[in-house]
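Treat the numbers as computed from the prediction; the structure is a model and nothing was measured. In the text below, chain A, chain B and the rest are named by the order of the sequence lines, each starting its count at 1.
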Amino acid sequence: MHHTAIRTPTWVSRRRLLEQKISDLHKYSNLNHLKQIQAQILKSNLHEDPYIAPKLISAYSLCHQMSLAVNVFNLVLYPNVLLYNTLIRAYTQNSLYTQAFSTFFQMQRNCVFPDNFTYPFLLKACSGQFAFKQVQMIHTHIEKFGFSMDIFVPNALIDNYSKCGKLGVDAAKKLFDVMTERDVVSWNSMISGLVKAGELNEARRLFDEMPQRDTVSWNTVLDGYVKAGEMNAAFELFEKMPERNVVSWSTMVSGYSKAGDMEMARFFFDKMPFKNLVPWTIMISGYAEKGLANEALSLFDQMEKIGLKPDNGTFISILSASAEAGLLGLGKRVHLSIQKSRLRHSTQVCNSLVDMYAKCGSLDKAMGVFDGMVERDVVSWNSMLHGLAMHGHGEQALGLFSRMRREGVRPDGVTFIGVFCACTHVGLVNDGRNYFSTMEKDYGIVPQVEHYGCMIDLLGRVGYLKEAFELVKSMPMEPNAIIWGTLLGACRMHNDVELAEVAINQLIQLNPSDANNYTVLSNIYASIGQWDNFAKVRLQMKGTSTPKKAGASSIEVDNEVHEFTVADRTHPHSSRIYKMIDRLGYHLKQVGYVPRACY
DNA sequence: CTAGGGTTAG
């Protein structure tokens, strides 16, 4: 060997060094480190390098820094298919499906053609995220380019189609029927779509027709029975299965829990040969939903004791159940566990915490979590806004809305529901009307039936019944039962019998089998002395059935939830409770409260 | 492809 070794030119070594650093990026996910490297890349003029730019985008994507990732992308003058694929994948990794979708079309506008990787990134990672029309557009493009692809693409299309409602399932069926070659995944995806659409019989027919079935096929049909609440049929199928995995067992646990049979759920849970986080989550959330805080708490402790680390799904699921049932104690316990975990800064988890605290009435704690968040998305703002509005802090809620706009967060349709809810609670009719008229003009949000509902409630409550009714008539969509119900509520408040009759008749038309509506209508006729109409309605009523379960309120005392319905005397301290209510009623009347008139 | 999962008027 010569004593003077051949030196690598500096730019090559620098490039190699950078490449090495970039390859190691995923190990650190350290943002400062990343920015340093990007600066070096820019200095070396390597940002257009078809190998380096995608690596950098992926690294930023892993750090959830999509705006920085997009910056890298925008620096490249002529992005190629690899770069587009990387960006699409980065978007899907960060749950930004709309952006992934538009990037897909942007690449075609720029005459960069999708390759065999583009569709898998788009379809697989976004499975269940696209609306029917979007899947249809992707489908059209695939057919236009006429790729000769493996079975993966049609399978992914069926999967995506079958996750967007009835229309989607029909499209999936069509595609499934024309496929010349099908594997077990094609069948399973199709069956899963039918199960989701509630077409259980059709799903079962296909299942029986399959040339061969794997455990997924069995699990899918099992889930179909569970979703239909047919636990006996589910049990029968479960016993027939040639092989059961953790999903099969979890499906059974979930089914019994949803059916309210926690003993059977626990029986299956205890019998499972292997448990991952999912059955633990199902079981704990199941207990929580039913208000069984102690059972939920002890199981949560047990899960942590055996060394299982809850993931964000576990946290979110249990928190949502705690919020629903008002279990502040359980929620606090979960919060403690979150603070100790590496998920303490997860936006999704914090959003659930905000919602839980707000729904449990602990607004200070909700605000504390909200203020401590490193990154807030629109859901965070919506949760906090709605929490404030729900508990009567209308002004604070509207204040939060202006803060949201100041910080440059784009409100969405849900935000406005919170805003209207706040206006309703403070009685700010003019503000509500203003927000309603500007939401489309200034924010590009087309009012949906829900927004009309809020406005009708707002107008109706303060007695602007005519205006509320005009708004109902002006709706671009068919008013649903909730709209008429809201209007009816307003009529009740302000004793407008005529309009109440209109509303209730609409309700009966929409849902002729609901006996409740006939009762209300007959009471209206009774109250104005139209006894012939009263008799007519009572006669109509006889043909209907299904009295609904009475609405219930609940309160948590010492980790135990007590539920109450109208005229409930089942509680052991019932007489003391009613004595207290009477005293409260007396005091309320003293200060001028007039109970609302009821039909 | 199958089991748990964040905000939504009355």
Side-chain angles (χ1 to χ4, degrees), chain A residues 95 124 127-128 152 155-156 158-160 162-163 183-193 195-196 214-224 226-227 245-255 257-258 272 275-286 310-321 323 346-356 358-359 377-387 389-390 412-421 423-424 448-458 460-461 480-490 551:
Chain A
S95 318
K124 174 109 195 237
S127 165
F152 177 87
N155 280 354
I158 289 182
D159 173 42
N160 274 274
S162 60
K163 281 173 182 163
D183 64 2
V184 66
V185 178
S186 332
W187 286 87
N188 288 347
S189 303
M190 193 61 242
I191 293 171
S192 158
V195 163
K196 283 204 180 71
D214 63 3
T215 311
V216 176
S217 330
W218 285 89
N219 287 344
T220 309
V221 177
L222 187 69
D223 187 47
V226 161
K227 282 209 171 77
N245 62 12
V246 61
V247 176
S248 333
W249 285 92
S250 303
T251 306
M252 291 305 282
V253 175
S254 158
S257 168
K258 282 201 189 96
M272 286 180 75
K275 290 195 260 287
N276 60 14
L277 273 173
V278 177
W280 283 93
T281 308
I282 296 171
M283 211 49 217
I284 298 167
S285 311
D311 64 1
N312 51 346
T314 308
F315 285 138
I316 291 165
S317 180
I318 300 173
L319 284 174
S320 133
S346 150
T347 306
Q348 271 192 0
V349 170
C350 290
N351 288 348
S352 301
L353 272 172
V354 170
D355 179 53
M356 183 277 296
K359 286 222 174 89
D377 61 9
V378 67
V379 177
S380 329
W381 290 92
N382 291 348
S383 307
M384 196 60 237
L385 180 67
H386 209 90
M390 223 168 28
D412 64 3
V414 179
T415 314
F416 279 93
I417 288 172
V419 168
F420 294 136
C421 181
C423 293
T424 304
Q448 299 295 301
V449 64
E450 292 87 351
H451 301 108
Y452 282 94
C454 294
M455 276 311 286
I456 289 153
D457 188 36
L458 174 60
R461 266 175 207 272
N480 58 18
I482 296 163
I483 296 288
W484 292 114
T486 308
L487 194 66
L488 178 66

If only side-chain N and O atoms of [X] are considered, is one of them under 4.0 Å from the OP1 or OP2 phosphate oxygen of [N]?
X: A:K359; N: B:dT8; result: yes
X: A:R461; N: B:dA9; result: no
X: A:K258; N: B:dA3; result: no
X: A:H451; N: B:dT8; result: no
X: A:K163; N: B:dC1; result: no

Given [options], which nucleotide is nearest the side-chain atoms of [X]?
X: A:V379; options: B:dG4, B:dT7, B:dG10; value: B:dT7
X: A:K196; options: B:dT2, B:dT8, B:dC1; value: B:dT2
X: A:N219; options: B:dT2, B:dA3, B:dT8; value: B:dT2
X: A:S192; options: B:dG4, B:dT2, B:dA9; value: B:dT2
X: A:K124; options: B:dA3, B:dC1, B:dT7; value: B:dC1
X: A:V216; options: B:dT8, B:dA3, B:dT2; value: B:dT2
X: A:Q348; options: B:dC1, B:dG10, B:dG5; value: B:dG5
X: A:I482; options: B:dT2, B:dG10, B:dA3; value: B:dG10
X: A:N312; options: B:dG5, B:dG4, B:dA3; value: B:dG5
X: A:C454; options: B:dA9, B:dT7, B:dT2; value: B:dA9

What heavy-atom pair brings A:V195 and A:G224 nearest, and what distance separates the two atoms?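 Smallest interatomic distance, heavy atoms only, reads CG1-CA, 3.5 Å.
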Identify the two heavy atoms, one from A:S162 and one from A:S189, that lie closest to each other, and give their separation to 0.1 Å.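 Shortest heavy-atom contact: OG-O, 3.6 Å.
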Determine the contact category for [X]: base if any of its heavy atoms lies under 4.0 Å from a base atom, sugar-phosphate if only primed atoms, P, OP1 or OP2 are that close, otherwise nothing.
X: A:I417; answer: base
X: A:D412; answer: nothing
X: A:G313; answer: base
X: A:S248; answer: nothing
X: A:S189; answer: sugar-phosphate
X: A:T281; answer: base
X: A:V253; answer: nothing

Side-chain-base donor-acceptor pair under 3.5 Å for [X] and [N]:
X: A:D311; N: B:dG4; result: yes
X: A:N245; N: B:dA3; result: no
X: A:S285; N: B:dG4; result: no

Side-chain (A:S217) to main-chain (A:D214) donor-acceptor, under 3.5 angstrom: yes
Is a side-chain N or O of A:S192 found less than 3.5 angstrom from the main chain of A:N188, in a donor-acceptor match?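 Not a single qualifying donor-acceptor pair exists.
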Whole angstroms only, please: what is the [atom1]-[atom2] distance between [X] and [N]?
X: A:M384; N: B:dT8; atom1: CE; atom2: C1'; result: 16 Å
X: A:D223; N: B:dG4; atom1: CG; atom2: P; result: 6 Å
X: A:Y452; N: B:dG10; atom1: OH; atom2: P; result: 18 Å
X: A:L488; N: B:dA9; atom1: CG; atom2: P; result: 19 Å
X: A:M283; N: B:dA3; atom1: CE; atom2: P; result: 19 Å
X: A:N188; N: B:dT2; atom1: CG; atom2: P; result: 9 Å
X: A:N155; N: B:dT2; atom1: CG; atom2: P; result: 12 Å
X: A:L385; N: B:dA9; atom1: CG; atom2: P; result: 12 Å

Pair A:V449, A:I482 - check side chain to side chain contact (heavy atoms under 4.5 Å, CB included), show working. CA-CA 9 Å; A:V449 64; A:I482 296 163; over 6 Å; no
Evaluate the criterion side chain to side chain donor-acceptor pair (under 3.5 Å) for residue pair A:T415 and A:D412; output intermediate values, then yes/no. CA-CA 5 Å; A:T415 314; A:D412 64 3; 2.9 Å; yes
So, applying side-chain contact (heavy atoms from CB on, under 4.5 Å) with A:S285, which one of A:S257, A:S254, A:S317 is it? A:S317
